Amino acid sequence: MASTLYAHLATPTLPSRKLSSLSCPTMFHSALSFSISPIGTTKGKYYSVPKLVCNAQSAPAAVNLAPGTPVRPTSILVVGATGTLGRQVVRRALDEGYDVRCLVRPRPAPADFLRDWGATVVNADLSKPETIPATLVGVHTVIDCATGRPEEPIKTVDWEGKVALIQCAKAMGIQKFIFFSIHNCDKHPEVPLMEIKHCTEKFLRDSGLNHVVIRLCGFMQGLIGQYAVPILEEKSVWGTDAPTRIAYMDTQDIARLTFIALRNENINGKLLTFAGPRAWTTQEVITLCERLAGQDANVTTVPVSVLRFTRQLTRLFEWTNDVADRLAFSEVLTSDTVFSVPMAETYNLLGVDAKDVSSLEKYLQDYFTNILKKLKDLKAQSKQTDIFF
């Protein structure tokens, strides 16, 4: 059936930015179209920066090739299962009794930890749409946690791959689709990643699938490698002089709230935003880590103006365009912006007590307490094995 399904799917394309228009020749018959307005002129290898504009239209129903045999509501497919969020979604699903299948790219180092937990691992690649349909057989719900790797073009996975995944889900009769997006993505069309997330939200909405879109602000787990570990190892910590505030959230809490939303039929078709209890600046996070680690950080401050100049410079050449796209996102994260929302209404909708959501102070305190204890134990063991002559 997978080969029959793929014959009905046209691979979504996002043509070169040198073109004057973009379209998505999909089975939704241009359900989502793009147009770009060039800035300046394009000469030779130099590259002008277009503005990507997303226009969503009503999407005709896709051909549903799914058989009539019902699937268990507990059967889910997690896409991006090896990532920071994806692995927590897998753990939570298994703990709650779901039958979990994980879509994982073929890789030299197999994702054995997912199998060890009790999940089923299937190899597929969103950049190769023909590999997707077979992974959806017998699946009730898709939870999409995936994002492209830093070394590949943003559009390859985050646009073309996601469009193909949504098309396949619709054609295979998937009952529910959970999509993770970025807070305020609709307010920053100048940032390719955020504009693509916003357009994917529209594409999913117009597909006719039962779905929930969850926008996120930031992960607490990301702060460990960015600040906590470098401070402990007495290495440089990179920061900016921007007053941006981000309400980081523990990915375990995100996973828990996601499954509460999944089971609530009143949330079908809704857009939710998850944010932590408090929004933090970079300097506040560094100060907190210094206090918990008991040592000062070696902070290297990068002015926002340097990020802007670097982005403009990399825009001049087509071969550095992907770097510029990611710098654009970094620039938003270092602007005078607050990535947070009031959560009272969302907690009420989900029936969640705000006290049950971890604070950044508690999360980092637990981390530093555990790691410092381990370091102390290792030091003690080292002294016990010292041999003196």
Side-chain angles (χ1 to χ4, degrees), residues 80 83-89 92 143-148 154 158 178-201 212-228 239-240 242-261 267 270-289 304 307 326 328-350 352 354-364 367:
T84 302
L85 176 59
R87 62 184 60 198
Q88 295 299 338
V89 169
R92 187 74 195 188
I143 302 180
D144 177 16
C145 311
T147 190
I154 290 175
D158 288 291
I178 307 293
F179 175 65
F180 289 105
S181 188
I182 301 173
H183 178 50
N184 281 341
C185 63
D186 54 326
K187 297 180 181 178
H188 294 280
E190 76 282 4
V191 180
L193 178 60
M194 299 182 81
E195 175 66 358
I196 285 174
K197 287 288 188 181
H198 184 217
C199 290
T200 306
E201 291 179 3
V212 178
V213 173
I214 301 174
R215 291 183 179 179
L216 305 173
C217 298
F219 301 155
M220 291 182 185
Q221 279 74 5
L223 301 176
I224 300 301
Q226 192 170 3
Y227 301 114
T240 70
T244 308
R245 307 184 74 87
I246 300 175
Y248 300 99
M249 197 170 194
D250 189 341
T251 53
Q252 292 186 23
D253 286 329
I254 294 173
R256 179 170 61 89
L257 298 186
T258 295
F259 282 98
I260 293 175
I267 297 180
K270 289 187 178 296
L271 169 64
L272 304 177
T273 300
F274 292 170
R278 174 190 163 186
W280 297 74
T281 65
T282 297
Q283 187 54 54
E284 287 173 340
V285 173
I286 293 174
T287 301
L288 177 60
C289 290
V304 175
L307 286 176
R326 296 188 184 279
F329 185 60
S330 299
E331 188 175 319
V332 170
L333 292 179
T334 53
S335 61
D336 188 6
T337 307
V338 177
F339 282 82
S340 182
V341 292
M343 287 290 291
E345 184 177 345
T346 301
Y347 289 149
N348 184 59
L349 180 65
L350 299 177
V352 173
K355 296 178 181 178
D356 294 332
V357 175
S358 299
S359 67
L360 183 59
E361 297 99 321
K362 179 66 166 57
Y363 175 81
L364 288 177
Y367 171 80

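The structure presented is a predicted model; accordingly, all values stated were derived computationally and were not measured.
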Query raised in the report: Leu288 and Glu284: side-chain contact (heavy atoms from CB on, under 4.5 Å), yes or no, with the steps?
Result: CA-CA 6 Å; Leu288 177 60; Glu284 287 173 340; over 6 Å; no
Can you measure from [atom1] ([X]) to [atom2] ([Y]) and round to the nearest 0.5 angstrom?
X      : Y      : atom1 : atom2 : result
Ile214 : Thr258 : CD1   : OG1   : 3.5 Å
Arg256 : Ser358 : CZ    : OG    : 8.0 Å
His188 : Ile182 : NE2   : CD1   : 10.0 Å
Leu364 : Ile224 : CG    : CD1   : 5.5 Å
Glu345 : Thr273 : CD    : OG1   : 10.5 Å
Ser359 : Trp280 : OG    : CH2   : 7.5 Å

Taking the side chain as every heavy atom from C-beta outward, state whether [X] and [Y] have any pair of such atoms under 4.5 Å apart.
X      : Y      : value
Leu257 : Met249 : yes
Tyr227 : Thr282 : yes
Val357 : Phe274 : no
Met220 : Asp253 : no
Lys187 : His198 : no
Thr346 : Val341 : no
Arg215 : Cys185 : yes
Leu350 : Ile267 : yes

What's the shortest heavy-atom distance between [X] and [Y], and which atoms?
X      : Y      : value
Cys217 : Ala247 : CB-O, 3.6 Å
Arg245 : Ala279 : NH2-O, 3.2 Å
Glu201 : Phe179 : CG-CE2, 3.9 Å
Gln88  : Ala255 : O-CB, 3.6 Å
Tyr248 : Pro277 : O-CD, 4.4 Å

Report task. Determine, stepwise, if the pair Asp158 / Leu193 fulfils side-chain contact (heavy atoms from CB on, under 4.5 Å). Result -> CA-CA 8 Å; Asp158 288 291; Leu193 178 60; 4.1 Å; yes
Query raised in the report: With no hydrogens and no angle check, do the side chains of Gln221 and Thr251 hold a donor and an acceptor under 3.5 Å apart?
Result: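 Result is yes, a qualifying pair exists.
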Requested in this report: Carefully, step by step, assess Leu216 and Leu85 under the rule side-chain contact (heavy atoms from CB on, under 4.5 Å).
Outcome: CA-CA 11 Å; Leu216 305 173; Leu85 176 59; 3.8 Å; yes
Query raised in the report: In terms of the angle between their ring planes, are Phe339 and His183 parallel, tilted or perpendicular, with boundaries placed at 30° and 60°?
Result: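 Answer is perpendicular, since the angle exceeds 60°.
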